[in-house]
Engineer: 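Got a structure here, written out as C-alpha coordinates. Questions coming.
In what follows, every chain begins at residue 1, and chains take the letters A, B, ... in the order their sequences are listed.
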Amino acid sequence: MSFTTLRSFSSKITVLGGFGNKRVHIRPPIIISATNFGNSLFLRQYSSKKKYTEEHEWIDVDDDGIGTVGITDYAQTSLGDVVFVEIPEEGKFVKKSDNIGAVESVKAASDIYAPVSGEIIKSNSNLTDKPSLINSSPESDGWLCKIKLSNPDEFKELLDKQKYEEWCNSESH
Amino acid sequence: MRPLFPPLLVRNIIIKSRTSQQFSRFFSSDEISSRDLVFKCFISKSMDPWTNIAFEEWLFKDTNPQEIILFLWRNNSCAVIGRNQNPWKECNVRLLQKHDIPLIRRKSGGGTVFHDIGNTNYTLIMPRIDFTRKHTAELVVRALTTRLDIPAYVTERHDIAVNGLKVSGSAFKLVMRRAYHHGTMLIDTDLDRIKRYLNVERQNLITKGVESFPSPVTNLCNYSSTVSHESFCEAVKDYFTEYYRDYVNHGSNKSATTVDEEFISNIPKVAEYREEFKTWEWVYGQTPDFTHKFEKEFEWSHVKALFESKNGIITAITLTPSNIKYHNLINALEDSFEGRKYGDEKDIDNALNDVRVSEQLSGSNIGGTSISTSEMQRVVNDIGKWIKESS
(Lines give C-alpha, C1' and ligand atoms only; values in the text may rest on other atoms or scores of the structure.)
Protein backbone atom coordinates (compact mmCIF):
# COMPACT_ATOMS: atom_id res chain seq x y z
CA MET A 1 0.00 0.00 0.00
CA SER A 2 1.33 3.41 -0.75
CA PHE A 3 1.32 6.02 1.91
CA THR A 4 0.29 9.34 0.50
CA THR A 5 2.40 12.01 2.00
CA LEU A 6 1.03 13.98 4.88
CA ARG A 7 2.35 17.44 4.32
CA SER A 8 2.94 19.74 7.20
CA PHE A 9 4.03 23.27 8.00
CA SER A 10 6.86 23.21 5.54
CA SER A 11 4.50 24.25 2.79
CA LYS A 12 4.70 27.47 0.91
CA ILE A 13 0.97 28.03 0.76
CA THR A 14 0.01 30.95 2.93
CA VAL A 15 -3.28 30.75 4.70
CA LEU A 16 -4.79 34.06 5.61
CA GLY A 17 -7.36 33.25 8.22
CA GLY A 18 -9.36 30.96 6.01
CA PHE A 19 -11.65 33.71 4.72
CA GLY A 20 -11.04 32.68 1.18
CA ASN A 21 -14.50 32.79 -0.26
CA LYS A 22 -16.46 35.85 -1.18
CA ARG A 23 -19.44 35.06 0.96
CA VAL A 24 -17.33 35.43 4.04
CA HIS A 25 -15.66 38.57 2.76
CA ILE A 26 -18.82 40.62 2.48
CA ARG A 27 -19.80 39.85 6.05
CA PRO A 28 -18.97 42.64 8.51
CA PRO A 29 -16.11 41.77 10.85
CA ILE A 30 -17.24 40.40 14.15
CA ILE A 31 -15.35 41.69 17.11
CA ILE A 32 -16.09 39.83 20.26
CA SER A 33 -14.51 39.11 23.61
CA ALA A 34 -12.94 35.69 23.96
CA THR A 35 -14.91 34.96 27.10
CA ASN A 36 -18.34 35.62 25.67
CA PHE A 37 -19.45 31.99 25.68
CA GLY A 38 -23.16 31.55 25.47
CA ASN A 39 -23.65 35.00 24.06
CA SER A 40 -25.70 35.08 20.89
CA LEU A 41 -22.89 36.92 19.12
CA PHE A 42 -20.73 33.93 19.80
CA LEU A 43 -23.00 31.85 17.65
CA ARG A 44 -22.34 34.14 14.73
CA GLN A 45 -18.65 33.95 15.35
CA TYR A 46 -18.70 30.21 14.71
CA SER A 47 -21.00 30.56 11.74
CA SER A 48 -18.57 28.56 9.63
CA LYS A 49 -18.63 25.76 12.15
CA LYS A 50 -16.28 23.12 10.89
CA LYS A 51 -12.68 23.91 10.07
CA TYR A 52 -9.49 22.09 9.29
CA THR A 53 -5.75 22.20 9.88
CA GLU A 54 -2.82 21.55 7.58
CA GLU A 55 -2.05 18.58 9.82
CA HIS A 56 -5.39 17.08 8.75
CA GLU A 57 -7.37 17.53 11.92
CA TRP A 58 -10.93 18.83 11.84
CA ILE A 59 -12.73 20.79 14.54
CA ASP A 60 -16.45 21.42 14.76
CA VAL A 61 -17.40 24.12 17.24
CA ASP A 62 -20.85 24.29 18.84
CA ASP A 63 -22.72 27.31 20.14
CA ASP A 64 -21.12 26.99 23.57
CA GLY A 65 -17.61 27.27 22.21
CA ILE A 66 -16.85 23.59 22.55
CA GLY A 67 -15.02 22.06 19.63
CA THR A 68 -15.16 18.40 18.67
CA VAL A 69 -11.83 17.32 17.20
CA GLY A 70 -10.86 14.44 14.95
CA ILE A 71 -8.69 13.55 12.01
CA THR A 72 -9.99 13.99 8.49
CA ASP A 73 -11.07 11.36 6.02
CA TYR A 74 -8.08 12.29 3.88
CA ALA A 75 -5.77 11.62 6.82
CA GLN A 76 -7.27 8.25 7.71
CA THR A 77 -6.94 7.15 4.08
CA SER A 78 -3.27 8.11 4.10
CA LEU A 79 -2.58 6.46 7.43
CA GLY A 80 -4.17 3.13 6.56
CA ASP A 81 -5.67 0.73 9.11
CA VAL A 82 -5.50 2.28 12.54
CA VAL A 83 -4.71 -0.35 15.19
CA PHE A 84 -4.21 1.81 18.25
CA VAL A 85 -5.24 5.26 19.43
CA GLU A 86 -3.72 7.00 22.40
CA ILE A 87 -6.61 9.27 23.29
CA PRO A 88 -6.13 12.81 24.63
CA GLU A 89 -6.04 13.22 28.39
CA GLU A 90 -9.22 14.66 29.85
CA GLY A 91 -8.86 17.76 31.98
CA LYS A 92 -5.62 18.80 30.36
CA PHE A 93 -5.07 22.35 29.13
CA VAL A 94 -3.38 22.39 25.76
CA LYS A 95 -1.95 25.03 23.49
CA LYS A 96 -2.56 25.07 19.76
CA SER A 97 -0.18 22.60 18.06
CA ASP A 98 0.57 20.70 21.28
CA ASN A 99 0.84 16.95 20.89
CA ILE A 100 -2.45 15.64 22.33
CA GLY A 101 -2.49 12.02 21.24
CA ALA A 102 -1.18 9.44 18.83
CA VAL A 103 -2.37 6.83 16.39
CA GLU A 104 -0.62 3.76 15.10
CA SER A 105 -1.29 2.40 11.65
CA VAL A 106 0.73 -0.03 9.55
CA LYS A 107 3.82 0.24 11.80
CA ALA A 108 3.75 4.04 11.83
CA ALA A 109 3.29 6.00 15.05
CA SER A 110 1.85 9.42 14.21
CA ASP A 111 1.34 12.29 16.61
CA ILE A 112 -1.92 14.25 16.72
CA TYR A 113 -1.91 17.98 17.45
CA ALA A 114 -4.37 20.34 19.07
CA PRO A 115 -5.99 22.50 16.35
CA VAL A 116 -6.76 25.19 18.96
CA SER A 117 -5.88 26.03 22.56
CA GLY A 118 -8.18 25.09 25.40
CA GLU A 119 -9.20 22.46 27.90
CA ILE A 120 -9.78 18.88 26.86
CA ILE A 121 -13.12 18.24 28.48
CA LYS A 122 -13.84 14.85 26.95
CA SER A 123 -12.04 12.06 25.10
CA ASN A 124 -13.64 9.41 22.95
CA SER A 125 -12.95 6.29 24.98
CA ASN A 126 -14.67 4.15 22.31
CA LEU A 127 -11.46 4.48 20.33
CA THR A 128 -9.59 2.47 22.96
CA ASP A 129 -11.70 -0.58 22.21
CA LYS A 130 -12.34 0.17 18.57
CA PRO A 131 -9.47 2.11 16.96
CA SER A 132 -10.89 1.25 13.53
CA LEU A 133 -13.63 3.86 14.12
CA ILE A 134 -11.02 6.33 12.89
CA ASN A 135 -11.11 4.57 9.52
CA SER A 136 -14.81 3.80 9.32
CA SER A 137 -16.11 7.11 10.64
CA PRO A 138 -13.28 9.66 10.89
CA GLU A 139 -15.48 12.75 10.92
CA SER A 140 -18.27 11.41 13.11
CA ASP A 141 -18.08 8.43 15.54
CA GLY A 142 -14.29 8.44 15.29
CA TRP A 143 -13.94 11.86 16.95
CA LEU A 144 -10.99 12.16 19.31
CA CYS A 145 -11.83 14.75 21.93
CA LYS A 146 -13.81 17.83 22.83
CA ILE A 147 -11.91 21.02 23.55
CA LYS A 148 -13.33 24.07 25.32
CA LEU A 149 -11.70 26.83 23.31
CA SER A 150 -9.73 29.36 25.29
CA ASN A 151 -8.96 31.57 22.31
CA PRO A 152 -11.73 31.56 19.68
CA ASP A 153 -9.59 33.70 17.36
CA GLU A 154 -7.51 30.62 16.68
CA PHE A 155 -10.55 28.92 15.25
CA LYS A 156 -11.08 31.73 12.76
CA GLU A 157 -7.57 31.25 11.45
CA LEU A 158 -8.11 27.61 10.51
CA LEU A 159 -8.89 26.42 6.98
CA ASP A 160 -12.46 26.29 5.75
CA LYS A 161 -13.62 23.29 3.76
CA GLN A 162 -12.68 24.76 0.39
CA LYS A 163 -9.20 25.83 1.49
CA TYR A 164 -8.64 22.47 3.10
CA GLU A 165 -9.60 20.64 -0.07
CA GLU A 166 -7.19 22.83 -2.03
CA TRP A 167 -4.54 21.97 0.52
CA CYS A 168 -5.14 18.24 0.10
CA ASN A 169 -5.00 18.58 -3.68
CA SER A 170 -1.72 20.42 -3.48
CA GLU A 171 -0.32 17.56 -1.43
CA SER A 172 -1.25 14.77 -3.74
CA HIS A 173 0.89 15.91 -6.65
CA MET B 1 7.71 -8.57 -8.13
CA ARG B 2 7.47 -5.39 -10.08
CA PRO B 3 10.69 -3.49 -10.60
CA LEU B 4 11.63 -1.13 -7.85
CA PHE B 5 11.16 2.53 -8.42
CA PRO B 6 12.97 3.96 -11.34
CA PRO B 7 16.36 5.54 -10.59
CA LEU B 8 18.63 3.29 -12.61
CA LEU B 9 22.35 3.00 -12.52
CA VAL B 10 23.72 3.49 -15.99
CA ARG B 11 27.44 4.04 -16.32
CA ASN B 12 27.51 4.95 -12.66
CA ILE B 13 25.20 7.86 -13.22
CA ILE B 14 21.82 7.82 -11.60
CA ILE B 15 19.18 8.64 -14.15
CA LYS B 16 16.62 10.45 -12.16
CA SER B 17 13.20 9.45 -13.26
CA ARG B 18 10.27 11.77 -12.97
CA THR B 19 7.74 9.05 -13.50
CA SER B 20 7.28 8.58 -9.81
CA GLN B 21 5.56 11.53 -8.28
CA GLN B 22 6.92 10.85 -4.85
CA PHE B 23 10.50 10.86 -5.88
CA SER B 24 10.34 13.62 -8.41
CA ARG B 25 10.00 15.83 -5.36
CA PHE B 26 13.60 15.16 -4.58
CA PHE B 27 14.76 16.13 -8.01
CA SER B 28 12.86 19.17 -9.09
CA SER B 29 15.36 22.00 -9.24
CA ASP B 30 12.76 24.45 -7.93
CA GLU B 31 12.35 22.31 -4.88
CA ILE B 32 16.06 22.13 -4.30
CA SER B 33 16.56 25.86 -4.28
CA SER B 34 13.45 26.66 -2.30
CA ARG B 35 13.68 23.86 0.20
CA ASP B 36 17.39 23.92 0.81
CA LEU B 37 17.65 20.28 1.79
CA VAL B 38 20.91 18.94 3.16
CA PHE B 39 21.91 15.29 3.32
CA LYS B 40 24.03 14.05 6.21
CA CYS B 41 25.24 10.67 7.35
CA PHE B 42 26.20 9.53 10.85
CA ILE B 43 27.70 6.18 11.80
CA SER B 44 27.79 5.24 15.46
CA LYS B 45 30.71 3.49 17.11
CA SER B 46 28.78 3.14 20.35
CA MET B 47 27.06 -0.18 20.93
CA ASP B 48 25.10 1.00 23.92
CA PRO B 49 21.44 0.66 22.91
CA TRP B 50 20.23 3.49 25.14
CA THR B 51 22.84 5.86 23.78
CA ASN B 52 22.10 5.02 20.17
CA ILE B 53 18.34 5.32 20.48
CA ALA B 54 18.75 8.61 22.38
CA PHE B 55 21.07 9.93 19.69
CA GLU B 56 18.54 8.94 17.02
CA GLU B 57 15.88 10.82 18.96
CA TRP B 58 18.13 13.88 19.14
CA LEU B 59 18.76 13.78 15.38
CA PHE B 60 15.00 13.60 14.85
CA LYS B 61 13.89 16.24 17.33
CA ASP B 62 16.71 18.74 17.54
CA THR B 63 18.31 19.06 14.13
CA ASN B 64 17.12 21.18 11.23
CA PRO B 65 13.96 19.66 9.66
CA GLN B 66 15.42 20.39 6.22
CA GLU B 67 18.14 17.84 6.84
CA ILE B 68 17.82 14.36 5.42
CA ILE B 69 19.79 12.21 7.82
CA LEU B 70 21.04 8.67 7.44
CA PHE B 71 22.09 7.11 10.74
CA LEU B 72 23.74 3.68 10.93
CA TRP B 73 24.16 1.94 14.25
CA ARG B 74 24.25 -1.38 16.03
CA ASN B 75 23.59 -2.42 19.59
CA ASN B 76 24.78 -4.93 22.11
CA SER B 77 22.05 -7.45 22.88
CA CYS B 78 18.71 -5.88 23.70
CA ALA B 79 14.99 -6.40 23.05
CA VAL B 80 13.16 -3.50 21.42
CA ILE B 81 9.37 -3.22 21.53
CA GLY B 82 7.18 -0.88 19.48
CA ARG B 83 5.68 2.28 20.98
CA ASN B 84 2.27 0.76 21.64
CA GLN B 85 3.16 -2.75 22.69
CA ASN B 86 2.90 -4.77 25.86
CA PRO B 87 6.38 -5.89 27.04
CA TRP B 88 4.96 -8.86 28.98
CA LYS B 89 3.09 -10.09 25.93
CA GLU B 90 6.04 -9.65 23.57
CA CYS B 91 9.11 -10.72 25.54
CA ASN B 92 10.26 -12.91 28.33
CA VAL B 93 10.77 -9.92 30.61
CA ARG B 94 11.94 -12.08 33.50
CA LEU B 95 14.62 -13.82 31.43
CA LEU B 96 15.82 -10.53 29.94
CA GLN B 97 16.21 -9.13 33.45
CA LYS B 98 17.96 -12.26 34.67
CA HIS B 99 20.49 -12.02 31.83
CA ASP B 100 20.85 -8.28 32.19
CA ILE B 101 19.60 -7.60 28.67
CA PRO B 102 18.01 -4.18 28.24
CA LEU B 103 14.35 -3.91 27.26
CA ILE B 104 13.72 -0.79 25.21
CA ARG B 105 10.50 0.85 24.09
CA ARG B 106 11.10 2.84 20.93
CA LYS B 107 9.05 5.80 19.70
CA SER B 108 8.04 4.27 16.39
CA GLY B 109 5.22 1.82 15.78
CA GLY B 110 5.43 -1.82 14.81
CA GLY B 111 6.52 -5.01 16.48
CA THR B 112 9.25 -6.39 18.71
CA VAL B 113 12.79 -7.09 17.52
CA PHE B 114 15.91 -8.45 19.14
CA HIS B 115 19.23 -6.72 18.51
CA ASP B 116 22.78 -7.96 18.91
CA ILE B 117 26.01 -6.91 17.24
CA GLY B 118 25.20 -9.16 14.29
CA ASN B 119 22.32 -6.81 13.49
CA THR B 120 22.82 -3.36 11.98
CA ASN B 121 20.17 -0.65 12.17
CA TYR B 122 19.51 2.07 9.64
CA THR B 123 17.48 5.22 10.17
CA LEU B 124 16.47 7.72 7.51
CA ILE B 125 15.05 10.98 8.83
CA MET B 126 13.32 13.18 6.24
CA PRO B 127 10.81 16.00 5.90
CA ARG B 128 7.32 14.62 6.42
CA ILE B 129 6.28 15.83 3.00
CA ASP B 130 8.71 13.36 1.43
CA PHE B 131 7.77 10.38 3.56
CA THR B 132 6.43 7.19 2.09
CA ARG B 133 6.58 3.79 3.72
CA LYS B 134 8.46 2.29 0.78
CA HIS B 135 11.15 4.84 0.08
CA THR B 136 13.90 3.96 2.55
CA ALA B 137 13.51 0.20 2.26
CA GLU B 138 13.77 0.50 -1.50
CA LEU B 139 17.00 2.48 -1.25
CA VAL B 140 18.45 -0.06 1.17
CA VAL B 141 17.45 -2.85 -1.22
CA ARG B 142 19.21 -1.03 -4.07
CA ALA B 143 22.33 -0.79 -1.90
CA LEU B 144 22.15 -4.52 -1.16
CA THR B 145 21.61 -5.58 -4.75
CA THR B 146 24.02 -3.21 -6.46
CA ARG B 147 26.86 -3.03 -3.93
CA LEU B 148 26.71 -6.37 -2.12
CA ASP B 149 25.12 -8.54 -4.77
CA ILE B 150 22.43 -9.80 -2.41
CA PRO B 151 19.06 -10.48 -4.12
CA ALA B 152 16.94 -8.59 -1.58
CA TYR B 153 13.51 -7.09 -2.16
CA VAL B 154 10.88 -5.07 -0.33
CA THR B 155 7.88 -7.04 0.95
CA GLU B 156 4.25 -5.98 1.18
CA ARG B 157 4.79 -5.15 4.84
CA HIS B 158 7.62 -2.78 3.86
CA ASP B 159 10.18 -5.19 5.28
CA ILE B 160 13.17 -6.47 3.35
CA ALA B 161 13.47 -10.16 2.50
CA VAL B 162 15.77 -12.52 0.66
CA ASN B 163 14.42 -15.73 -0.79
CA GLY B 164 11.15 -15.52 1.13
CA LEU B 165 12.82 -14.91 4.47
CA LYS B 166 12.82 -11.59 6.29
CA VAL B 167 16.19 -9.94 6.91
CA SER B 168 14.98 -6.50 7.92
CA GLY B 169 11.97 -5.15 9.83
CA SER B 170 10.65 -1.63 9.41
CA ALA B 171 9.00 0.91 11.67
CA PHE B 172 8.00 4.55 11.21
CA LYS B 173 7.47 7.68 13.22
CA LEU B 174 5.69 10.79 11.98
CA VAL B 175 5.57 14.17 13.67
CA MET B 176 4.52 17.59 12.44
CA ARG B 177 7.44 18.40 10.16
CA ARG B 178 9.47 15.26 10.02
CA ALA B 179 9.30 11.52 9.70
CA TYR B 180 11.68 8.66 9.99
CA HIS B 181 11.88 5.13 8.79
CA HIS B 182 14.15 2.87 10.74
CA GLY B 183 14.87 -0.78 10.28
CA THR B 184 16.95 -3.65 11.48
CA MET B 185 19.24 -5.67 9.19
CA LEU B 186 20.11 -9.19 10.22
CA ILE B 187 23.69 -9.71 9.08
CA ASP B 188 25.01 -12.35 11.43
CA THR B 189 22.62 -12.41 14.39
CA ASP B 190 22.22 -15.37 16.72
CA LEU B 191 18.71 -16.27 15.59
CA ASP B 192 18.15 -18.84 18.34
CA ARG B 193 18.49 -16.15 20.95
CA ILE B 194 15.72 -14.16 19.28
CA LYS B 195 13.35 -17.04 19.87
CA ARG B 196 14.55 -17.55 23.42
CA TYR B 197 13.85 -14.01 24.51
CA LEU B 198 10.86 -13.17 22.37
CA ASN B 199 8.85 -16.39 22.46
CA VAL B 200 6.35 -16.15 25.25
CA GLU B 201 3.13 -18.03 25.69
CA ARG B 202 0.75 -15.50 27.14
CA GLN B 203 -2.60 -16.47 25.75
CA ASN B 204 -4.34 -15.28 28.89
CA LEU B 205 -2.79 -11.85 28.70
CA ILE B 206 -5.29 -9.79 26.74
CA THR B 207 -3.91 -6.44 25.73
CA LYS B 208 -4.90 -3.38 23.77
CA GLY B 209 -2.31 -1.97 21.44
CA VAL B 210 -0.20 -3.64 18.84
CA GLU B 211 0.83 -7.26 18.59
CA SER B 212 3.91 -8.39 16.71
CA PHE B 213 3.60 -10.22 13.44
CA PRO B 214 6.26 -12.95 13.57
CA SER B 215 7.95 -13.83 10.27
CA PRO B 216 10.57 -16.44 9.41
CA VAL B 217 13.94 -14.72 9.31
CA THR B 218 17.43 -15.27 7.97
CA ASN B 219 20.85 -13.59 8.05
CA LEU B 220 22.49 -11.80 5.12
CA CYS B 221 25.67 -13.82 5.77
CA ASN B 222 23.84 -16.82 4.32
CA TYR B 223 23.76 -15.03 0.96
CA SER B 224 27.13 -13.30 0.94
CA SER B 225 30.53 -14.27 2.28
CA THR B 226 31.74 -10.68 2.39
CA VAL B 227 28.87 -8.94 4.15
CA SER B 228 29.63 -7.50 7.56
CA HIS B 229 28.57 -4.53 9.66
CA GLU B 230 31.31 -2.47 8.01
CA SER B 231 30.56 -3.49 4.43
CA PHE B 232 26.81 -3.01 4.93
CA CYS B 233 27.36 0.48 6.39
CA GLU B 234 29.70 1.35 3.55
CA ALA B 235 27.26 0.12 0.90
CA VAL B 236 24.27 1.95 2.37
CA LYS B 237 26.22 5.13 3.03
CA ASP B 238 27.62 5.16 -0.52
CA TYR B 239 24.28 4.44 -2.13
CA PHE B 240 22.40 7.07 -0.15
CA THR B 241 25.15 9.66 -0.61
CA GLU B 242 25.02 9.09 -4.35
CA TYR B 243 21.23 9.19 -4.38
CA TYR B 244 21.11 12.44 -2.43
CA ARG B 245 24.26 13.88 -3.94
CA ASP B 246 22.52 17.15 -4.89
CA TYR B 247 22.02 17.78 -1.21
CA VAL B 248 25.46 16.87 0.02
CA ASN B 249 26.79 20.16 1.31
CA HIS B 250 29.17 21.58 -1.33
CA GLY B 251 30.99 18.31 -1.38
CA SER B 252 32.45 19.14 2.01
CA ASN B 253 30.54 16.58 3.96
CA LYS B 254 30.81 13.56 1.74
CA SER B 255 32.08 11.16 4.33
CA ALA B 256 29.99 10.11 7.26
CA THR B 257 30.36 11.64 10.69
CA THR B 258 31.62 9.10 13.19
CA VAL B 259 29.62 9.17 16.37
CA ASP B 260 31.33 7.88 19.51
CA GLU B 261 30.79 8.36 23.24
CA GLU B 262 32.94 11.49 23.20
CA PHE B 263 30.98 13.04 20.33
CA ILE B 264 27.73 12.30 22.14
CA SER B 265 28.96 13.57 25.49
CA ASN B 266 29.09 17.05 23.93
CA ILE B 267 25.33 16.99 23.32
CA PRO B 268 23.59 17.27 26.71
CA LYS B 269 20.16 16.55 25.18
CA VAL B 270 21.24 13.03 24.26
CA ALA B 271 21.94 12.22 27.90
CA GLU B 272 18.54 13.68 28.76
CA TYR B 273 16.72 11.54 26.17
CA ARG B 274 18.73 8.52 27.26
CA GLU B 275 17.41 8.91 30.80
CA GLU B 276 13.86 9.38 29.53
CA PHE B 277 14.07 6.20 27.50
CA LYS B 278 15.24 4.33 30.61
CA THR B 279 12.45 5.40 32.93
CA TRP B 280 9.93 2.86 34.18
CA GLU B 281 7.21 5.30 33.09
CA TRP B 282 8.29 5.01 29.45
CA VAL B 283 9.36 1.35 29.23
CA TYR B 284 6.47 -0.14 31.23
CA GLY B 285 4.17 2.77 32.09
CA GLN B 286 3.40 3.40 28.41
CA THR B 287 1.83 -0.06 28.09
CA PRO B 288 -1.75 -0.02 26.74
CA ASP B 289 -4.49 -1.39 29.03
CA PHE B 290 -4.42 -5.13 29.58
CA THR B 291 -5.75 -7.97 31.70
CA HIS B 292 -3.85 -11.08 32.70
CA LYS B 293 -5.43 -14.27 34.03
CA PHE B 294 -3.61 -17.25 35.50
CA GLU B 295 -4.20 -19.99 38.02
CA LYS B 296 -2.30 -22.50 40.10
CA GLU B 297 -2.87 -25.52 42.30
CA PHE B 298 -1.12 -25.05 45.63
CA GLU B 299 -1.05 -27.66 48.39
CA TRP B 300 -3.23 -25.40 50.49
CA SER B 301 -5.68 -24.30 47.78
CA HIS B 302 -6.31 -23.76 44.12
CA VAL B 303 -6.05 -20.04 43.28
CA LYS B 304 -7.16 -18.05 40.27
CA ALA B 305 -5.73 -14.61 39.61
CA LEU B 306 -7.02 -11.82 37.40
CA PHE B 307 -4.94 -8.67 36.99
CA GLU B 308 -6.17 -5.50 35.39
CA SER B 309 -3.63 -2.90 34.45
CA LYS B 310 -3.55 0.63 33.08
CA ASN B 311 -0.27 2.40 32.35
CA GLY B 312 1.58 -0.60 33.77
CA ILE B 313 -0.05 -0.11 37.18
CA ILE B 314 -2.26 -2.78 38.72
CA THR B 315 -5.67 -1.13 38.84
CA ALA B 316 -7.50 -4.20 40.11
CA ILE B 317 -6.63 -7.73 41.11
CA THR B 318 -8.96 -10.58 41.91
CA LEU B 319 -7.57 -13.66 43.65
CA THR B 320 -10.04 -16.50 44.01
CA PRO B 321 -8.99 -19.37 46.31
CA SER B 322 -11.00 -22.58 46.31
CA ASN B 323 -10.37 -22.91 50.04
CA ILE B 324 -12.58 -20.41 51.87
CA LYS B 325 -10.30 -20.52 54.90
CA TYR B 326 -7.89 -18.09 53.25
CA HIS B 327 -10.53 -15.67 52.14
CA ASN B 328 -9.53 -12.84 54.46
CA LEU B 329 -5.82 -13.18 53.89
CA ILE B 330 -6.39 -13.22 50.15
CA ASN B 331 -8.53 -10.09 50.43
CA ALA B 332 -5.71 -8.36 52.23
CA LEU B 333 -3.32 -9.39 49.46
CA GLU B 334 -5.67 -8.04 46.80
CA ASP B 335 -5.88 -4.69 48.53
CA SER B 336 -2.15 -4.56 48.92
CA PHE B 337 -1.43 -5.20 45.24
CA GLU B 338 -3.67 -2.46 43.95
CA GLY B 339 -1.77 0.57 42.69
CA ARG B 340 1.55 -1.32 42.45
CA LYS B 341 3.61 -1.66 39.31
CA TYR B 342 2.72 -4.78 37.35
CA GLY B 343 5.54 -7.35 37.21
CA ASP B 344 7.88 -5.23 39.31
CA GLU B 345 9.73 -7.45 41.81
CA LYS B 346 10.28 -4.69 44.31
CA ASP B 347 6.64 -3.64 44.23
CA ILE B 348 5.50 -7.24 44.60
CA ASP B 349 7.80 -7.63 47.64
CA ASN B 350 6.46 -4.42 49.12
CA ALA B 351 2.89 -5.59 48.65
CA LEU B 352 3.69 -8.90 50.37
CA ASN B 353 5.54 -7.25 53.22
CA ASP B 354 2.67 -4.87 53.94
CA VAL B 355 0.36 -7.87 54.24
CA ARG B 356 2.81 -9.77 56.47
CA VAL B 357 3.07 -6.85 58.85
CA SER B 358 -0.64 -6.07 59.06
CA GLU B 359 -1.62 -9.73 59.34
CA GLN B 360 0.82 -10.29 62.16
CA LEU B 361 -0.55 -7.27 63.99
CA SER B 362 -4.14 -8.37 63.60
CA GLY B 363 -3.34 -12.01 64.35
CA SER B 364 -4.88 -13.15 61.07
CA ASN B 365 -8.17 -13.92 62.62
CA ILE B 366 -10.45 -11.38 61.07
CA GLY B 367 -13.79 -12.99 60.47
CA GLY B 368 -13.13 -15.80 62.90
CA THR B 369 -11.19 -18.21 60.67
CA SER B 370 -7.80 -17.90 62.25
CA ILE B 371 -4.68 -19.23 60.61
CA SER B 372 -1.27 -19.53 62.20
CA THR B 373 1.53 -17.09 61.46
CA SER B 374 3.54 -19.78 59.71
CA GLU B 375 0.55 -20.68 57.57
CA MET B 376 0.05 -17.01 56.69
CA GLN B 377 3.73 -16.70 55.79
CA ARG B 378 3.53 -19.74 53.59
CA VAL B 379 0.48 -18.49 51.68
CA VAL B 380 2.00 -15.04 51.22
CA ASN B 381 5.31 -16.50 50.05
CA ASP B 382 3.64 -18.90 47.64
CA ILE B 383 1.43 -16.21 46.15
CA GLY B 384 4.40 -13.84 45.82
CA LYS B 385 6.60 -16.37 44.09
CA TRP B 386 3.79 -17.37 41.76
CA ILE B 387 2.92 -13.80 40.79
CA LYS B 388 6.58 -13.06 40.09
CA GLU B 389 6.91 -16.15 37.92
CA SER B 390 3.70 -15.48 36.04
CA SER B 391 4.14 -11.79 35.23
Engineer: Shorter than 4.5 Å, heavy atoms on both sides: which option in B/E211, B/K173, B/K107 has the most such pairs with chain A?
Structural biologist: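 Between B/E211, B/K173, B/K107, the count favours B/K173.
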Engineer: Check each atom of B/Q286 against the heavy atoms of chain A and say whether the ones under 4.5 Å are side chain, backbone, both or neither.
Structural biologist: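 Side chain of B/Q286 only, per the 4.5 Å heavy-atom cut-off to chain A.
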Engineer: Decide whether B/R178 and B/T63 meet the rule of one side-chain donor and one side-chain acceptor closer than 3.5 Å.
Structural biologist: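 The answer is yes; a qualifying pair exists.
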Engineer: Residue by residue, which of residues 111-122 of chain A have a heavy atom closer than 4.5 Å to a heavy atom belonging to chain B?
Structural biologist: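 Hits under 4.5 Å: A/D111, A/Y113.
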Engineer: Taking atom types as modelled, is there a side-chain donor on B/Y342 or B/N86 under 3.5 Å from an acceptor on the other?
Structural biologist: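 No, B/N86 and B/Y342 have no side-chain donor paired with an acceptor closer than 3.5 Å.
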Engineer: Who among A/V85, A/T128, A/V83 has the most heavy-atom pairs with chain B under 4.5 Å?
Structural biologist: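 Greatest number of close heavy-atom pairs with chain B: A/T128.
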Engineer: Hey, can you tell me if A/H56 and A/Y74 have their rings parallel, tilted or perpendicular (30° and 60° cut-offs)?
Structural biologist: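 Correct class here is parallel.
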Engineer: Classify the angle between the aromatic ring planes of B/F240 and B/F39 as parallel (below 30°), tilted (30 to 60°) or perpendicular (above 60°).
Structural biologist: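 Parallel: the ring planes of B/F240 and B/F39 meet at under 30°.
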Engineer: Aromatic rings B/Y180 and B/F60: how do their planes relate, parallel, tilted or perpendicular, breaks at 30° and 60°?
Structural biologist: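 The arrangement is perpendicular - the two ring planes meet at more than 60°.
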Engineer: Between chain A and each of B/S108, B/G82, B/S170, count heavy-atom pairs under 4.5 Å; write down the option with the most.
Structural biologist: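 Going by pairs under 4.5 Å, I would pick B/S170.
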Engineer: Using a strict cut-off of less than 4.0 Å between a Lys/Arg side-chain nitrogen and an Asp/Glu carboxylate oxygen, indicate whether B/E56 and B/R106 qualify as a salt bridge.
Structural biologist: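 The answer is no: the pair does not qualify as a salt bridge.
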Engineer: Parallel, tilted or perpendicular: which one describes the rings of B/W73 and B/H115, with boundaries at 30° and 60°?
Structural biologist: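 Answer is perpendicular, since the angle exceeds 60°.
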Engineer: For residues B/Y122 and B/S168, is any side-chain donor paired with an opposing acceptor at under 3.5 Å?
Structural biologist: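 Short answer, yes.
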